[in-house]
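Protein chains get the first letters and strands the later ones, always in sequence-line order, with residue 1 at the start of each.
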Amino acid sequence: MASFDVSGESDVPSTSGADMLSVSVEWHDGAAVVGVSGEVDALSAPRLESAVSDVLERSPKTLIIDLTKVSFLASAGLSVLMSTHQQVGQRIDFRVVAEGSATGRPLHLTGLDHDFPVYSSREEALTTVE
Amino acid sequence: MKPDRNARGAVIADLRYSAVPAWADRLPALRHTLSGWAAGAGLPAERVEDLTLAVYEAMANVVEHAYPDSAGTFDLQASHLPGERCVQVTITDRGQWVPPPEDPGPLHGRGLPLMRQLADSADVRPGSEGTEAVLRWDF
């Protein structure tokens, strides 16, 4: 049977976290929206973590992490969401936006969608901000 | 032996990588290749996503835990088994198995449970020579 066998490290190209993920921050009054696009895995999750931590230093009333443009969400990214949720406690209204199976399925299978509110659009997450 | 064919009748070759360095920066390219392979094998799009994430978590576990003291490698093999109506992905390392803690806390330990939920079957076999994880998705 045909198969191709690839050996040696040069055959698997390396990727940098910076190529995989971009993060933008928008402010709507006291609500900070962290828009994430790309792939969140063990390599790129620290970039998300540091962007969130920069935003938290500015003490938002509401923090929305928008994963609409995320095409891959691994457990390392779920850990960032969970640690953010724990870190902000009751002080900050923490919300996540996830639309589609790439983000919705891991959030649902791990039960994280019960730990913090998950919205299906940024507009919905923003319009219900008090 | 009959050639291995997917639903559209095309031959789908095994995908095999040997001695891949267990580094996090090698995993994105591997999972992209695997994703294309699984789609080519005829898995529906949603199951391709499941496979890609589950195999990623298995590989990330090797990167994170298997070689605490030295550099190591792992092997990956993906096969379409038409006789068993499934695709099977095997990830093999030669490192040590670190059992997940009973209570990993809220921030860690989601990778392996997630992997088991995403696959139709997941068999992780730790041994003295290393660990083999065999994941399957049924058609």
Exercise. Identify which part of A:L73 has an atom lying under 4.5 Å from any heavy atom of chain B, answering side chain, backbone, both or neither.
Key: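 For A:L73, backbone heavy atoms alone lie under 4.5 Å from chain B.
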
Can you tell which part of [X] gets under 4.5 Å to a heavy atom of chain A, answering side chain, backbone, both or neither?
X      : value
B:L114 : side chain
B:D50  : side chain
B:T73  : neither

Practice problem: Would you check if there is a donor-acceptor pair between the side chains of B:E57 and A:S75 at a distance under 3.5 Å? | Solution: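 A donor-acceptor contact under 3.5 Å links the two side chains.
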
Quiz item: In terms of side-chain heavy atoms, does A:D113 have a donor or acceptor partner in A:H108 at a distance below 3.5 Å?
Solution: yes

Quiz prompt | A:R95 charged N/C atom sitting above A:F116 aromatic ring, 6.0 Å / 45° | solution = no

Practice problem: Look at atom CD of B:E64 and say whether more than 12 heavy atoms of other residues, nucleotides or ligands are closer to it than 6.0 Å. | Solution: no

